[in-house]
Protein chains: 2
Amino acid sequence: MSNLKKDRKPLEIPKPTFERLKKYLALLLQEESEYISSEGIAEKLNITPEQVRKDFTYINIKGKPKVGYHIPPLINELSELFGIGVMDNIIIVGAGNLGSALAKYAGFKKIGVRVVAIFDNDPVKIGSFVGELSVLPFSEENLKRVIKRFKVKIGVICVTEESAQEVANVLVRNGIKALWNFAPVTLKVPPGIVLENQDITTGVLTIKHLLEKK
Amino acid sequence: MSNLKKDRKPLEIPKPTFERLKKYLALLLQEESEYISSEGIAEKLNITPEQVRKDFTYINIKGKPKVGYHIPPLINELSELFGIGVMDNIIIVGAGNLGSALAKYAGFKKIGVRVVAIFDNDPVKIGSFVGELSVLPFSEENLKRVIKRFKVKIGVICVTEESAQEVANVLVRNGIKALWNFAPVTLKVPPGIVLENQDITTGVLTIKHLLEKK
DNA sequence: TAGATTGTTAATCGATTAACAATC
DNA sequence: TAGATTGTTAATCGATTAACAATC
């Protein structure tokens with residue numbers, strides 16, 4: 001046993017390309033026309049058309065000279081890349097404003113994500129409704145039941161800095177495979193667990209830096 | 001007039017380095033010891049120590065062999081880079097859950113950001129309190145007054161997809177210099193206006209993709 | 001057909017990694 | 001001093017850009 005290969009196959013798609021593919025998808029989902037050219041995409045995202053075409057060589061898609069790319073199949077192809085066809089059930093821990101905002105977010109459906117439960121420890125919040133969901137007490141028992149019943153792999157952390165690591169531990173202990181962390185802390189997770197930090201404040205640092213040099 | 005130079009001086013710090021510097025700062029602000037080595041930083045962020053040292057060559061900082069980097073001056077140096085010493089007043093448009101979460105976020109202070117007003121058009125929300133702030137009606141008059149009085153340069157967009165572009169237009173028209181957009185739309189802004197998109201959903205796409213290939 | 005736009009290869013550019021000298 | 005860790009240069013790697021042929 002313990003023959004986990006160390007050679008985790010590197011993403012065959014380069015990281016920068018991958019990040020741009022996400023933006024293309026977001027853009028295409030907003031688009032109403034049927035075709036779009038590499039130039040059309042490029043100018044909305046402030047990149048070059050060559051870059052767009054190059055990026056598309058990583059996915060199985062063909063454009064038509066003089067016309068551009070047919071949007072529906074493009075969306076399909078990108079959807080497959082991100083596993084959007086498969087609906088993932090997720091749970092949210094922390095029913096504060098941020099957790100509530102996510103729980104109610106309508107756009108998840110389009111990207112194959114469904115919030116099936118929201119947890120909190122605050123007695124005032126427990127039992128109250130966030131959208132269609134009633135806030136559940138954050139007990140291991142509840143957690144275990146929900147995770148099992150809905151085959152939940154992804155847990156979202158919307159608690160304070162102080163409790164985030166503990167929440168992460170509990171989630172992982174109960175079978176969660178990926179953490180989406182909104183708390184401004186550097187979490188430690190066991191190998192094999194996917195961790196995605198979504199530090200919401202970093203954006204404003206870029207803004208401050210750009211404004212400064214004007 | 002109209003002698004705006006097209007040659008916007010490229011960020012002398014490479015983009016990837018810049019992004020990592022933000023992470024270093026976030027990490028250091030959590031750190032309690034006095035010194036940290038490149039190795040110490042590297043392992044928490046899953047990068048190499050060489051990378052950390054190389055990144056630090058872009059800022060004016062010296063480490064001590066055998067000891068590492070003295071954290072307070074490091075924080076100072078990074079703070080200066082991001083313009084954290086200068087407090088920026090920002091306004092939030094949209095007092096839904098997300099806008100409210102941001103308005104109450106305590107961590108802004110540490111990075112030189114202060115929320116001075118929150119706006120909404122919903123009569124139910126207007127006049128109610130979000131933290132210490134009373135929600136103001138989103139009128140150009142109010143906007144103009146607040147922007148002038150608090151010298152606001154940064155506007156945060158926390159409204160729906162549908163209203164985001166219109167809100168952006170109004171903000172820019174009234175003198176806002178930078179937009180921090182949380183709505184899942186590709187905004188169009190005039191040249192010279194800083195735009196930072198914070199698409200909150202992209203993180204989960206990465207997670208889905210990583211889970212898929214297991 | 002002519003022209004626009006794609007797709008792809010080659011050239012360039014820039015970032016990361018490796019190696020090692022400097023130094024506390 | 002010896003050893004650990006920084007700082008920096010050179011080598012490698014990978015991503016972007018440029019050029020142009022293919023094609024609708």
Side-chain angles (χ1 to χ4, degrees), chain A residues 6-24 27-28 31 33-78 81 206, chain B residues 6-24 27-28 31 33-78 81 206:
Chain A
K6 187 59 190 277
D7 64 329
R8 53 178 59 193
K9 196 198 313 171
L11 233 43
E12 59 178 35
I13 298 179
K15 188 78 194 309
T17 295
F18 186 79
E19 291 305 313
R20 282 190 300 268
L21 289 172
K22 286 200 271 189
K23 291 188 183 162
Y24 301 157
L27 183 73
L28 294 167
E31 208 53 44
S33 48
E34 202 176 347
Y35 283 87
I36 193 166
S37 67
S38 55
E39 174 70 38
I41 294 176
E43 82 184 359
K44 297 201 189 179
L45 297 175
N46 281 312
I47 55 179
T48 67
E50 293 82 4
Q51 179 104 77
V52 174
R53 297 203 298 275
K54 178 74 174 187
D55 287 342
F56 284 169
T57 63
Y58 291 98
I59 61 176
N60 182 28
I61 203 72
K62 295 281 161 197
K64 288 207 188 87
K66 271 195 89 165
V67 184
Y69 299 88
H70 194 200
I71 293 181
L74 232 189
I75 289 180
N76 283 343
E77 197 60 33
L78 289 168
L81 174 69
T206 305
Chain B
K6 187 59 191 277
D7 64 328
R8 50 178 66 195
K9 196 196 315 168
L11 235 41
E12 60 178 35
I13 297 178
K15 189 81 194 307
T17 294
F18 187 78
E19 291 304 313
R20 281 190 302 268
L21 289 173
K22 288 200 269 190
K23 292 189 183 162
Y24 301 157
L27 184 71
L28 293 167
E31 209 53 44
S33 48
E34 203 175 344
Y35 284 87
I36 194 165
S37 66
S38 55
E39 173 71 37
I41 294 175
E43 82 185 358
K44 298 201 187 174
L45 297 176
N46 282 314
I47 55 179
T48 67
E50 292 83 5
Q51 179 104 78
V52 175
R53 296 203 299 275
K54 178 75 175 186
D55 286 343
F56 284 169
T57 63
Y58 290 99
I59 61 175
N60 181 29
I61 204 71
K62 293 283 160 193
K64 288 207 188 86
K66 272 196 88 166
V67 183
Y69 299 87
H70 194 200
I71 293 181
L74 232 189
I75 290 180
N76 283 344
E77 198 58 35
L78 289 168
L81 174 69
T206 305

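Because the structure is a prediction, the values reported are computed rather than measured.
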Within this structure, what is the [atom1]-to-[atom2] distance between [X] and [N], rounded to whole angstrom?
{"X": "Asn60(A)", "N": "dT8(C)", "atom1": "CG", "atom2": "P", "answer": "11 Å"}
{"X": "Phe18(B)", "N": "dG14(C)", "atom1": "CZ", "atom2": "P", "answer": "18 Å"}
{"X": "Glu12(B)", "N": "dA15(C)", "atom1": "CD", "atom2": "P", "answer": "12 Å"}
{"X": "Ile47(B)", "N": "dA15(C)", "atom1": "CD1", "atom2": "C1'", "answer": "13 Å"}
{"X": "Arg53(B)", "N": "dC20(C)", "atom1": "CZ", "atom2": "P", "answer": "14 Å"}
{"X": "Gln51(A)", "N": "dA18(D)", "atom1": "CD", "atom2": "C1'", "answer": "13 Å"}
{"X": "Asp55(A)", "N": "dT8(C)", "atom1": "CG", "atom2": "C1'", "answer": "14 Å"}
{"X": "Glu39(B)", "N": "dA4(D)", "atom1": "CD", "atom2": "P", "answer": "13 Å"}

Between Ile59(A) and Leu74(A), does a side chain to side chain contact (heavy atoms under 4.5 Å, CB included) hold up when you go through it step by step?
CA-CA 9 Å; Ile59(A) 61 176; Leu74(A) 232 189; 4.1 Å; yes
Distance in Å, Tyr24(A) OH paired with Asp55(A) CG, rounded so as to fall on 0.5 Å steps
3.5 Å
Is there side-chain contact between Glu43(B) and Glu39(B), with heavy atoms separated by less than 4.5 Å?
yes
Please state whether the rings of Phe56(B) and Tyr69(B) are parallel, tilted or perpendicular, taking 30° and 60° as the class boundaries.
perpendicular
Pick base, sugar-phosphate or nothing for Tyr69(B), based on heavy-atom distances below 4.0 Å to the nucleic acid.
sugar-phosphate
Determine the contact category for Lys54(B): base if any of its heavy atoms lies under 4.0 Å from a base atom, sugar-phosphate if only primed atoms, P, OP1 or OP2 are that close, otherwise nothing.
base
Checking base pairs now: Watson-Crick or wobble, both atom distances under 3.5 Å. What partners dA15(C)?
dT12(D)
dT5(D) pairs with which nucleotide, Watson-Crick or G-U wobble, both distances below 3.5 Å?
dA22(C)
Does a donor on one side chain sit under 3.5 Å from an acceptor on the other, for Lys22(A) and Thr206(B)?
yes
Closest-nucleotide 5' rank along DNA chain D - winner of Glu50(A) and Pro65(A):
Glu50(A)
Which residue lies more 5' along DNA chain D, comparing Ser38(B) with Lys66(A) via nearest heavy atoms
Ser38(B)
Of the listed nucleotides (dT6(C), dA15(D), dC24(D)), which one gets closest to any side-chain atom of Pro14(A)?
dA15(D)
